[in-house]
Amino acid sequence: MTVLLPQGIFIDGKTGALGEETGRFAKRLSDLKGLVADGAALERAIAERGNELVYEVIEYRKDGADMFFGTTTMQPGRVGGEYYFTRGHFHERRDRAEVYYTQSGQGMLLLQARDGTTSSVEMKPGVCAFIPPDWAHRSVNTGTEPLVFVWVGMQDAGHDYGEIAEKGLGQRVFEQGGKPAVVAA
Ligand code: F6R
Ligand code: ZN
């Protein structure tokens, strides 16, 4: 049996960098195809400013541990007035919750239960959000700086992106009069 030893990992709350990491992935504008409200605006954005980075996820996993954690760092920006967002997912395992702790920036966490019930939690430094089991979740950077949050979940939770990609979420966040507005989709 593997003996797991205690350990502290430094997390840079401004950049999302981890002192030690075991994996990462990045998503760019082209990864939001089919997800944004205005597909033509997305094509224009890619033509004008290139396939720029939208967000990056860095994780720290230990074999034999139930839990793991990491950071998501989201760049500020909008497509057709809609603030940059993550793809959004349910967890494959319906009994798996997650926690998001915002370290810097401003955002909105959009949540949706299986029956379509929607909810949202403002993301700002110091706010720790509880994502209950079987609620889809998508984060949105509504500010002008990077949005950095630490997430903690279960390694076996898995991701189900299909449902959101197909049906979308019931809420979107647009810039309206210089401020973010959560709008029913
Ligand atoms: C993991 C989790 C986050 C997201 C990340 C990117 O369960 O909720 O680490 O994976 O914020 O979002 P997605 O995975 O929706 O592209
Ligand atoms: Zn998740």
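When a ligand or atom number is given, it counts from 1 through the structure's own listing order. FYI, the numbering just counts along the sequence from 1. Owing to the predicted nature of the structure, the values given are computational and were not obtained by experimental measurement. The analysis underlying the following values was restricted to heavy atoms, covering all of them including side chains, and did not include hydrogens, waters or symmetry mates.
In this structure, the side chains of V54 and L29 come closer than 4.5 Å at one or more pairs of heavy atoms. With a 4.5 Å cut-off on side-chain heavy atoms, R61 and Q155 count as touching. Proximity of F85 to M108: side-chain heavy atoms (C-beta onward) are nowhere separated by under 4.5 Å. Between Q106 and P125, some side-chain heavy-atom pair lies under the 4.5 Å cut-off.
Electrostatic pairing of R93 and D95 counts as a salt bridge here, judged by a charged N lying under 4.0 Å from a carboxylate O.
Of all N/O/S atoms in E98, OE1 sits nearest the Zn ion (ligand 2). Taking the Zn ion (ligand 2) as reference, H137 places its N/O/S atom NE2 nearest.
With no hydrogens or angles considered, a side-chain donor-acceptor pair links H137 and H89 at under 3.5 Å.
Note: Y60 and F69 have tilted aromatic rings, judged against thresholds of 30 and 60 degrees for the angle between ring planes.
The Zn ion (ligand 2) has an N, O or S atom of H89 inside 2.8 Å of it.
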Pairs under 3.5 Å, nitrogen or oxygen of ligand 1 with protein nitrogen or oxygen:
residue	atom	partner	partner atom	Å
ligand 1	7 (O)	H89	NE2	3.2
ligand 1	7 (O)	H91	NE2	3.1
ligand 1	7 (O)	E98	OE1	2.8
ligand 1	7 (O)	E98	OE2	3.1
ligand 1	7 (O)	H159	NE2	3.1
ligand 1	8 (O)	H89	NE2	3.1
ligand 1	8 (O)	E98	OE1	2.9
ligand 1	8 (O)	E98	OE2	3.1
ligand 1	8 (O)	Y100	OH	2.6
ligand 1	8 (O)	H137	NE2	3.2
ligand 1	9 (O)	W151	NE1	3.2
ligand 1	11 (O)	T72	OG1	2.9
ligand 1	14 (O)	H89	ND1	3.4
ligand 1	14 (O)	Y161	OH	2.5
ligand 1	15 (O)	G88	N	2.8
ligand 1	15 (O)	H89	ND1	2.9
ligand 1	16 (O)	Y55	OH	2.5
ligand 1	16 (O)	R87	NE	2.8
ligand 1	16 (O)	R87	NH2	3.1

